[in-house]
Amino acid sequence: MRPVREYVADPSTEASWHLLASPQTEIPFEWHYHPEYELTLTLNARGQRFVGDSIADFGPCDLVLVGANLPHAWSVHDRQERRSPLTTRVCWFSQTWVDQLLAACAELAPLARLCARAARGLAFPPEVALQQRDAILKLAEMSDARRLPALLDVLVQLAEVSDVQELASGHYTGWVETDPHNARLTRVLAQLHERFAEPVDIADLAARAALSVGAFHRFFRRHMRMTVTHYVAHLRVGRACQALIESERPIGVIAAEVGYANLAHFNRQFRAIRGATPREFRGRFRPLR
């Protein structure tokens with residue numbers, strides 16, 4: 001699934017970073033990316049969090065930092081307290097913002113380390129999310145001038161957390177369309193994401209990259225740290241995970257929809273990638289629907 005480039009709206013010409021604090025009744029599933037870092041606090045919701053090639057469930061107090069140009073989406077299945085609203089706070093800030101702060105204030109060096117780690121996406125432990133919840137919620141009540149040091153305080157404290165879960169795998173490099181030097185790889189990945197359910201035509205992909213078939217295999221493995229077949233399997237299984245969670249369609253139907261004519265082969269690849277059978281995976285999230 002090809003991510004959509006999101007343009008972060010600027011709510012205030014006086015602010016150097018951006019805060020989303022508007023009421024929400026739901027979080028739409030929107031697979032997207034943007035060059036800004038994103039710190040997201042999600043409260044009173046349960047569901048699935050998609051970051052890069054990571055798919056993980058999240059609970060009622062979830063705090064995540066997503067790196068620049070890292071595709072992500074949230075899929076909410078239920079509220080912990082049905083009578084209480086779904087609450088999110090999203091803070092966006094750019095690499096330029098970080099660089100300017102570091103140039104002016106050497107004491108903020110931990111912020112650079114935090115942002116470097118965020119390239120793969122970071123999920124903070126629930127107890128850390130609870131500790132930071134009130135500080136992040138109060139940002140919406142502050143003036144622009146007071147928000148800046150308050151956000152920096154939150155980020156510096158997060159930089160000191162050691163037991164953080166890195167989300168995307170080590171070989172995941174974000175959405176390379178943002179890098180003009182990877183134009184040929186962008187053409188190949190766009191084709192794979194748009195037609196992942198179709199049989200893979202290596203000759204066509206090689207032609208899109210303007211390479212021979214042999215050179216294309218080496219090129220793809222060098223840049224993506226896996227074979228084309230392995231990459232497509234991850235795309236198909238990722239889409240199957242979404243369908244298993246969000247629908248009651250039979251597993252065989254979902255397997256066919258994502259490109260597997262043979263159900264046994266689908267089950268083997270799903271288990272190899274997700275560590276569980278499709279039936280076991282779906283069973284984990286039935287209480288969330």
Side-chain angles (χ1 to χ4, degrees), residues 5-22 32-43 49 51-52 54 58 61-72 74 87-168 170 172-176 178-181:
R5 165 67 155 88
E6 180 179 83
Y7 292 86
V8 174
D10 187 353
S12 170
T13 57
E14 302 300 324
S16 58
W17 61 280
H18 316 293
L19 174 68
L20 175 65
S22 56
H32 68 284
Y33 70 97
H34 40 71
E36 294 82 8
Y37 293 90
E38 178 180 308
L39 180 67
T40 297
L41 174 69
T42 307
L43 302 174
R49 187 193 329 107
V51 179
S54 165
F58 70 89
C61 186
D62 186 58
L63 183 61
V64 172
L65 178 61
V66 177
N69 298 316
L70 182 60
H72 55 282
W74 270 247
T87 301
T88 61
R89 292 292 184 271
V90 184
C91 305
W92 291 289
F93 54 91
S94 68
Q95 185 63 53
T96 300
W97 183 80
V98 174
D99 292 341
Q100 290 173 343
L101 287 170
L102 294 173
C105 307
E107 298 88 347
L108 293 177
L111 182 57
R113 295 191 291 270
L114 177 67
C115 291
R117 297 173 66 192
R120 291 167 56 183
L122 301 174
F124 296 92
E127 60 271 20
V128 174
L130 284 171
Q131 291 169 1
Q132 299 297 331
R133 178 185 60 189
D134 289 346
I136 295 174
L137 289 176
K138 288 178 181 177
L139 291 172
E141 305 169 6
M142 298 179 178
S143 65
D144 290 341
R146 293 182 58 204
R147 281 178 185 172
L148 176 58
L151 174 64
L152 288 177
D153 185 49
V154 169
L155 293 175
V156 169
Q157 290 188 55
L158 293 179
E160 297 172 351
V161 179
S162 57
D163 57 338
V164 180
Q165 180 186 3
E166 293 184 330
L167 298 176
Y172 195 88
T173 57
W175 187 243
V176 297
T178 58
D179 185 349
H181 300 292

Problem - L114 and L65: CA distance, side-chain angles, deciding distance, side chain to side chain contact (heavy atoms under 4.5 Å, CB included) verdict - result: CA-CA 9 Å; L114 177 67; L65 178 61; 3.7 Å; yes
Practice task
Go through T42 and R49 one step at a time and tell me if the side chain to side chain contact (heavy atoms under 4.5 Å, CB included) criterion holds.
Solution key: CA-CA 11 Å; T42 307; R49 187 193 329 107; over 6 Å; no
Handout entry: Trace of the side chain to side chain contact (heavy atoms under 4.5 Å, CB included) decision for L19 with L151
Key = CA-CA 10 Å; L19 174 68; L151 174 64; over 6 Å; no
Exercise for the section: Decide yes or no on side chain to side chain contact (heavy atoms under 4.5 Å, CB included) for W17 and L152, but give the supporting numbers first. Expected result: CA-CA 11 Å; W17 61 280; L152 288 177; over 6 Å; no
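A search for side-chain hydrogen bond (donor to acceptor under 3.5 Å, both in side chains) contacts involving T40 returns E38, not counting sequence neighbours. Listed by chain and residue number, nothing satisfies the side-chain hydrogen bond (donor to acceptor under 3.5 Å, both in side chains) test with E36 (two or more places apart in sequence, or in another chain). Applying the salt bridge (charged side-chain N to carboxylate O under 4.0 Å, His left out) test to E127 and every residue at least two apart in sequence or in another chain returns nothing.
The nearest pair of heavy atoms linking L122 to R117 is CD2-O, 3.5 Å. Across every non-hydrogen atom of A21 and A140, the tightest pair is CB-CB, 3.7 Å. Contact detail for S54 and L167: the closest heavy-atom pair is CB-O, 3.2 Å. Closest of all the heavy-atom pairs between V161 and P125 is CG1-CD, 4.2 Å. Between F93 and C115, the closest heavy-atom pair is CE1-SG, 4.0 Å. The nearest pair of heavy atoms linking C61 to L41 is SG-CD1, 4.4 Å.
L111 contributes atom CG, which lies 10.5 Å from atom SG of C105 (distance to the nearest 0.5 angstrom). One finds the CE atom of M142 at 11.0 Å from the CG atom of L148 (value rounded to the nearest 0.5 Å). Atoms CG and OH, on L70 and Y37 in that order, are 11.0 Å from each other to the nearest 0.5 Å. Rounding to the nearest 0.5 Å gives a distance of 8.0 Å between CZ of R89 and CG of L43.
Ring geometry, W92 versus H34: the interplanar angle exceeds 60°, so the pair is classed perpendicular (tilted spans 30 to 60°). Note: W74 and H72 have perpendicular aromatic rings, judged against thresholds of 30 and 60 degrees for the angle between ring planes.
The closest side-chain heavy-atom distance from Q157 to D153 is below 4.5 Å.
Using modelled atom types, one side-chain atom of R120 and one backbone atom of A168 make a donor-acceptor pair closer than 3.5 Å.
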